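This one's a predicted model, so the numbers in the text were calculated from it and none came from an experiment.
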Amino acid sequence: MLDIHFIKENPDAVKAGMRAKGETDTTLVDQVLQVDETWRRLKSEGDQLRADANAQAKDVGRLMGQGKKDEAQALIASTGVMKERLKELEAAAAEAEARRTDLLLRIPNVPHPSAPVGATPDENVTVRTWGEPLPQEWRRPHWDIVAEYGWIDFERGVKVTGAGFPFYVGFGAKLQRRLIQFFLDRAGENGYVELQAPYFVNEDSARGTGQIPDKEDQMYEAPRDGFYAIPTAEVPVTNFHRDEILDGKALPIRYAAHTPCWRREAGSYGKDVRGLNRLHQFDKVELVKLVHPDTSYDELESLRRDAEGLLEALGLPYRTLLMCTGDMGFTQTKKYDLEVWAPGQQRWLEVSSCSNFETFQSRRMGIRFRGEDGKPRLVHTLNGSGLALPRVMAALLETYQQPDGRVVLPDFLG
RNA sequence: GGAGAGAUGGCAGAGCGGUCGAAUGCGGCGGUCUUGAAAACCGCAGGCCCGAAAGGGCCCGGGGGUUCGAAUCCCUCUCUCUCCGCCA
């Protein structure tokens, strides 16, 4: 969520940001400013009244102490009247504040100036390509390969749980494990602290990273316990420092975590759900950073480089897209997508998404650091996949298959 | 799952319903002393909100209540700890 003061001082910039993200109705901004005005008025009136009532209550105590019962009695009566009025004011202020928060949560983050303005994915900018996308020729899609060797069992996954919950079998399971290990080791070398995180989070955490309100339909939940199954490690890991004031000298803080991710993928049907392309449960190594505001855009570049380095080490051709404003999502100011080439399908698969949120998440979560002047300031948060496993595995199998049908992987993957 | 105890500032730990945002210790920061450091001594220090400022309001796990007045009393929720049971 944005800072109300920022909105107040830059309403046009906020509206422009909303339009750039494809939000045609910018009246939210006007509404929130209006409600804020109301809240402010009620709040200061209430504070004043409360100050008076507090002063009178103290006088009562003093008078009682001095044995002046009559004077105390008179004050008690008058304070009672004030409290009635105060109750009304407080109720009105609380309502205004709730409405303000509700509106605030529905205003998207403002894109960074370096993000290209655009409405559709066609307007994303390719900022980097690596390797030569292989032609189709004899290459088969990964679902044929894994079926032939029995490395992934989709059918039994359907029986045991449902569509999108595959079993990885034998070498398939081993390969995934080795990739996870490789990703985590590389993250460690790049300065990320490895974290093992809970796979369920509570409502506060889901709200902190912006899954609710709005995207709760994406998550599986355990209502009996008030938990959500994590759709990405971003949620528990970023919330790790929720409601904390960090030592400024500790920044930047970098974490890497491997977790399964669960996504309901409600409403997404079609041909890109074949094989490993889109699952309800998949594994991912996530990179998360909490950084000083001055460095967050440099940190975004290095985050991107860290993710790109993994694909290069695997020898998988990829391209990096700088997302245009219309395609980057509600919470980001700037976002890169890494897409790996899957030659058996002749298409690009998104395997990482690296974003800067500036203070959009940290404001909700109350993650601050003590600045040079000793005052708490909000950190900037970033995250990116490093990387999502199934699609990497798909690209890997399709890329390293041989004309004779065998798959010959780089040595370090065994 | 059953029984009991508890939740106060970075940590530990006080706090008869009235001047308590809160003692004290440790830790932290600044200084004196020292060649430097330690020790000792002196001093400074919570967070949030409104406000240009002055100033004001709120916060003693969350929420609600009693009262002129609540960290202190009541209700409720959550969490933690101890014991028992169960268990990877």
Side-chain angles (χ1 to χ4, degrees), chain A residues 1-9 32-105 196 198-208 212 221-228 236 239-251 253 260 290 359 362-379:
Chain A
M1 114 184 125
L2 291 172
D3 180 6
I4 183 67
H5 298 103
F6 176 81
I7 299 176
K8 215 161 127 183
E9 279 156 38
V32 79
L33 290 178
Q34 194 186 328
V35 174
D36 180 59
E37 206 48 57
T38 304
W39 171 76
R40 226 169 276 270
R41 205 187 62 243
L42 292 167
K43 152 114 173 121
S44 80
E45 198 179 329
D47 282 358
Q48 188 54 52
L49 189 60
R50 192 179 300 103
D52 294 345
N54 286 347
Q56 286 201 13
K58 281 195 175 170
D59 287 341
V60 170
R62 202 168 295 122
L63 291 170
M64 296 292 245
Q66 294 168 357
K68 299 179 180 170
K69 289 259 166 55
D70 295 348
E71 291 179 45
Q73 253 342 300
L75 268 187
I76 287 172
S78 122
T79 310
V81 175
M82 291 165 82
K83 293 293 285 230
E84 285 302 307
R85 171 79 184 129
L86 186 57
K87 258 194 179 141
E88 292 169 22
L89 278 173
E90 278 176 339
E95 200 211 309
E97 195 174 5
R99 271 204 296 151
R100 188 183 76 158
T101 304
D102 178 60
L103 290 166
L104 229 32
L105 287 174
Q196 281 226 354
Y199 298 162
F200 290 90
V201 294
N202 58 32
E203 201 172 304
D204 286 342
S205 296
R207 189 177 298 102
I212 50 175
E221 47 187 315
R224 190 169 172 182
D225 299 288
F227 296 152
Y228 292 93
N239 275 281
F240 188 58
H241 289 295
R242 174 151 51 84
D243 295 321
E244 290 183 24
I245 299 176
L246 305 163
D247 181 355
K249 290 194 282 287
L251 303 181
I253 292 173
L290 310 180
T359 58
S362 60
R363 181 168 296 105
R364 289 185 179 199
M365 284 184 281
I367 305 180
R368 293 166 295 166
F369 71 100
R370 215 169 278 286
E372 297 73 15
D373 60 356
K375 291 280 151 218
R377 282 180 74 185
L378 293 167
V379 300

Gap in Å between the two [atom1] atoms, one belonging to [N] and one to [M], rounded:
N	M	atom1	answer
G55(B)	A7(B)	C1'	34 Å
A3(B)	G61(B)	P	25 Å
C16(B)	G30(B)	P	37 Å
G13(B)	G63(B)	P	25 Å
U67(B)	G62(B)	C1'	22 Å
G21(B)	C58(B)	P	10 Å
C44(B)	G25(B)	P	14 Å
C11(B)	G43(B)	C1'	22 Å

Using whole Å, what does the distance between atom [atom2] of nucleotide [N] and atom [atom1] of [X] come to?
X	N	atom1	atom2	result
Asp52(A)	C58(B)	CG	C1'	16 Å
Phe369(A)	G10(B)	CZ	C1'	19 Å
Gln48(A)	C58(B)	CD	P	12 Å
Gln56(A)	U19(B)	CD	C1'	17 Å
Glu90(A)	C58(B)	CD	P	9 Å
Arg50(A)	U67(B)	CZ	C1'	17 Å
Glu45(A)	G55(B)	CD	P	23 Å
Asp243(A)	G62(B)	CG	P	12 Å

Counting only side-chain nitrogens and oxygens, does Asn202(A) get under 4.0 Å of the OP1 or OP2 atom of U78(B)? no
Using Watson-Crick or G-U wobble geometry with both distances below 3.5 Å, tell me the partner of [N], or none.
N	answer
A54(B)	none
A70(B)	none
U82(B)	A3(B)
A23(B)	none
A14(B)	none
G43(B)	C29(B)
A38(B)	none

Testing the 3.5 Å rule here: is there a donor-acceptor pair between the side chains of Ser44(A) and Asp47(A)? no
Basic-acidic side-chain contact under 4.0 Å: [X], [Y]:
X	Y	answer
Lys43(A)	Glu97(A)	no
Arg85(A)	Glu88(A)	yes
Arg207(A)	Asp204(A)	yes

Treat primed atoms plus P, OP1 and OP2 as sugar-phosphate and everything else as base, then score nucleotides 44-51 of chain B 5' to 3': B for base contact with protein heavy atoms under 4.0 Å, S for sugar-phosphate contact only, - for none. ---SSBSS
Side-chain (Ser362(A)) to main-chain (Val379(A)) donor-acceptor, under 3.5 angstrom: yes
Would you say that [X] contacts [Y] through its side chain, given a criterion of any heavy-atom pair below 4.5 Å between the two side chains?
X	Y	answer
Arg100(A)	Val32(A)	yes
Arg364(A)	Leu105(A)	yes
Leu33(A)	Lys8(A)	yes

On a heavy-atom basis, which atom in Val201(A) and which in Ser205(A) lie closest, and how many Å separate them? CB-CB, 3.8 Å
